[in-house]
2 protein chains.
Amino acid sequence: MSDLVTRLRRHNWRITPQRRVIAETLEGSHVHFTAEEILERACERMPELSRATVYNTLNEMVALGEVLELALDGRSKRYDPGVDEEHHHLICEGCGLMKDVHAVTDPLGWLPADERHGFAVTRASVTYRGRCPDCQDA
Amino acid sequence: MSDLVTRLRRHNWRITPQRRVIAETLEGSHVHFTAEEILERACERMPELSRATVYNTLNEMVALGEVLELALDGRSKRYDPGVDEEHHHLICEGCGLMKDVHAVTDPLGWLPADERHGFAVTRASVTYRGRCPDCQDA
DNA sequence: TTCTTTGTTTAGACATAGTCTAAGCTAGGA
DNA sequence: TCCTAGCTTAGACTATGTCTAAACAAAGAA
Ligand SMILES: [Mn+2]
Ligand SMILES: [Mn+2]
Ligand SMILES: [Zn+2]
Ligand SMILES: [Zn+2]
């Protein structure tokens, strides 16, 4: 696995200073940031960075297939740079905490042909929900 | 399986005319409506019905556990009255068409204990993505 | 180098989805 | 009947994200 900027460059995609800061902010942490969280953190390094550029850049990285867009809770979308590592997500219904998890089988294999409605099915993602250790007492 | 209004009444939840129209609109079709789509259709039967009541009522039905809220695409949430029938969803990445599917195993069993991060995991839903018959040519 | 072309960034207007508020309404109990 | 608690309403408000038009920047041509 190579870093996100390297992967992005392979698409002949211009790595401007703004795009580099956004990519590095996204990849630097292992949580799943919203666009606003990325804007806030990236602005610490590049204060004049605009909101529109953050949204545009994230959408382009998703379109290039190098970042995953997660819309799991009906609030802000979250962005996941770990597109190369097959994984799913576990979400706390109390506090919203999100963890990566690695399931043991490929869910695509568990969908019978007669349940596919003629679709060409390409991806399957599993969302596990429950309560994190901190939220189990409350 | 009983109808949604019957299930709702069991929670000692007052079935007002507005709530009945919303529940019947939601259950009447087998698609997954957004709140705005329910408002539009319910208003054909009760023109003075307000947007706030539709949103309030849907949120209450979700809180009672009788309706499922689906946030799958980062746009409007969709509401699924088929909470009693265990199923998952297949989405067309071209046109957004959503189909119910029934997988053959329980995904909860796919998640090893050492991947649970101490969570009490209660639910797992699988989202399959691909292209529907109409969108495969384009 | 300078010019031209093309793509990028910006601020702010705009759009959409959903929540909140305050007032009025309704139904059931005293 | 009146009272009270809960329900409904219109519209203001908030949050998230997109669009527009102008300024800016970089690469290639001359
Ligand atoms: Mn992830
Ligand atoms: Mn469904
Ligand atoms: Zn939690
Ligand atoms: Zn389609």
Side-chain angles (χ1 to χ4, degrees), chain A residues 5 8-26 32-64 66-80 96 98, chain B residues 5 8-26 32-64 66-80 96 98:
Chain A
V5 171
L8 289 166
R9 213 195 308 269
R10 289 200 195 109
H11 294 274
N12 296 332
W13 195 59
R14 241 158 78 180
I15 308 296
T16 65
Q18 289 89 344
R19 288 173 177 180
R20 173 183 300 281
V21 169
I22 292 165
E24 290 175 356
T25 301
L26 178 60
H32 303 86
F33 283 137
T34 66
E36 294 294 330
E37 288 166 346
I38 290 170
L39 174 63
E40 184 184 347
R41 282 164 179 76
C43 276
E44 293 169 6
R45 287 176 55 190
M46 184 181 275
E48 72 283 13
L49 180 67
S50 77
R51 180 182 318 278
T53 296
V54 172
Y55 278 93
N56 289 342
T57 298
L58 290 170
N59 284 339
E60 285 156 14
M61 294 188 306
V62 170
L64 292 173
E66 297 295 351
V67 165
L68 226 56
E69 186 178 76
L70 306 175
L72 298 178
D73 65 352
R75 314 193 52 210
S76 315
K77 292 179 196 166
R78 294 183 172 272
Y79 293 89
D80 188 338
M98 189 188 305
Chain B
V5 170
L8 289 166
R9 214 194 307 269
R10 290 199 194 111
H11 294 274
N12 297 330
W13 194 59
R14 238 159 81 181
I15 308 295
T16 64
Q18 289 88 345
R19 288 173 176 179
R20 173 183 300 280
V21 169
I22 291 165
E24 290 175 356
T25 301
L26 179 59
H32 302 86
F33 284 137
T34 65
E36 294 294 330
E37 287 166 347
I38 290 170
L39 174 64
E40 184 184 347
R41 282 164 178 76
C43 275
E44 292 168 6
R45 287 175 55 190
M46 184 181 277
E48 73 283 12
L49 180 67
S50 78
R51 169 173 283 99
T53 295
V54 172
Y55 278 94
N56 289 343
T57 298
L58 289 169
N59 284 339
E60 286 157 14
M61 295 189 306
V62 170
L64 291 174
E66 297 295 350
V67 165
L68 226 55
E69 185 178 78
L70 305 175
L72 298 178
D73 65 352
R75 312 193 52 209
S76 315
K77 292 178 196 167
R78 294 184 172 272
Y79 294 88
D80 188 338
M98 188 187 306

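Chain identifiers are assigned alphabetically (A, B, ...) following the order of the sequence lines, protein sequences preceding nucleic acid strands; residue numbering begins at 1 within each chain.
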For this session: Could you tell me whether a side-chain N or O of B/Arg78 sits under 3.5 Å from a main-chain N or O of B/Ala71, the two making a donor and an acceptor?
Result: no

Name the pairs: protein N/O against N/O of nucleotides 19-27 of chain C, kept only if under 3.5 Å.
residue : atom : partner : partner atom : Å
C/dT19  : OP2  : B/Asn59 : ND2          : 3.3

Problem set entry | Where chain A begins and ends its contact with DNA chain D, read 5' to 3' at 4.0 Å from heavy atoms | D/dT16 to D/dA26

Seminar exercise, completed: Hits for side chain to side chain donor-acceptor pair (under 3.5 Å) against A/Gln18, two or more places apart or cross-chain, chain-then-number order -> none

Exercise. Do A/Trp13 and A/Thr57 have side-chain heavy atoms sitting under 4.5 Å apart?
Worked result: yes

Exercise. Considering heavy-atom distances to DNA chain C, does A/Arg19 or A/Gly74 have its closest nucleotide positioned more toward the 5' end?
Worked result: A/Arg19

Problem set entry | B/Tyr55 and B/Glu60 side chains, donor-acceptor separation under 3.5 Å | no

Seminar exercise, completed: Taken to the nearest whole Å, CG/A/Leu8 to P/C/dT8 is 13 Å

Exercise. CZ of B/Arg75 versus P of C/dA15: gap in Å, rounded?
Worked result: 15 Å

For this session: Determine, stepwise, if the pair B/Met61 / B/Tyr79 fulfils side chain to side chain contact (heavy atoms under 4.5 Å, CB included).
Result: CA-CA 10 Å; B/Met61 295 189 306; B/Tyr79 294 88; over 6 Å; no

For this session: Please name all residues satisfying side chain to side chain contact (heavy atoms under 4.5 Å, CB included) with B/Asp80, sequence neighbours left out, ordered by chain then number.
Result: B/His32, B/Leu68, B/Leu70, B/His87, B/His89, B/Asp100

Problem set entry | B/Arg51/B/Glu36 salt bridge by N-O under 4.0 Å criterion | yes

For this session: First locate atom OG1 of A/Thr53, then atom CD of A/Glu48, and finally report the distance between them rounded to the nearest 0.5 Å.
Result: 10.0 Å

Exercise. Would you say C/dA17 has OP1 or OP2 under 4.0 Å from some side-chain N or O of B/Ser76?
Worked result: yes

For this session: Under 4.0 Å between any heavy atoms, over every strand shown, what does A/Thr16 touch: base, sugar-phosphate, or nothing? Just pick one.
Result: sugar-phosphate

For this session: Figure out the CD/P separation between A/Glu48 and C/dT8, and round it to whole Å.
Result: 18 Å

Problem set entry | Between CG on residue A/Leu8 and CZ on residue A/Arg20, distance to nearest 0.5 Å | 10.0 Å

Problem set entry | B/Thr16 side chain reached by B/Arg19 side chain, heavy atoms, under 4.5 Å | yes

For this session: Mind running a 4.0 Å heavy-atom check of residues 35-43 of chain A against DNA chain C and sending the residues that fall below it, in number order?
Result: none

List the atom pairs, donor and acceptor, that lie under 3.5 Å between side-chain atoms in residues 38-47 of chain B and the rest of the protein, sequence neighbours left out.
residue : atom : partner : partner atom : Å
B/Arg41 : NH1  : B/Glu37 : O            : 3.4
B/Arg45 : NH1  : B/Glu24 : OE1          : 3.1
B/Arg45 : NH2  : B/Glu24 : OE1          : 2.9

For this session: May I have the distance from B/Asp73 (atom CG) to C/dT16 (atom P), rounded to whole angstrom?
Result: 15 Å

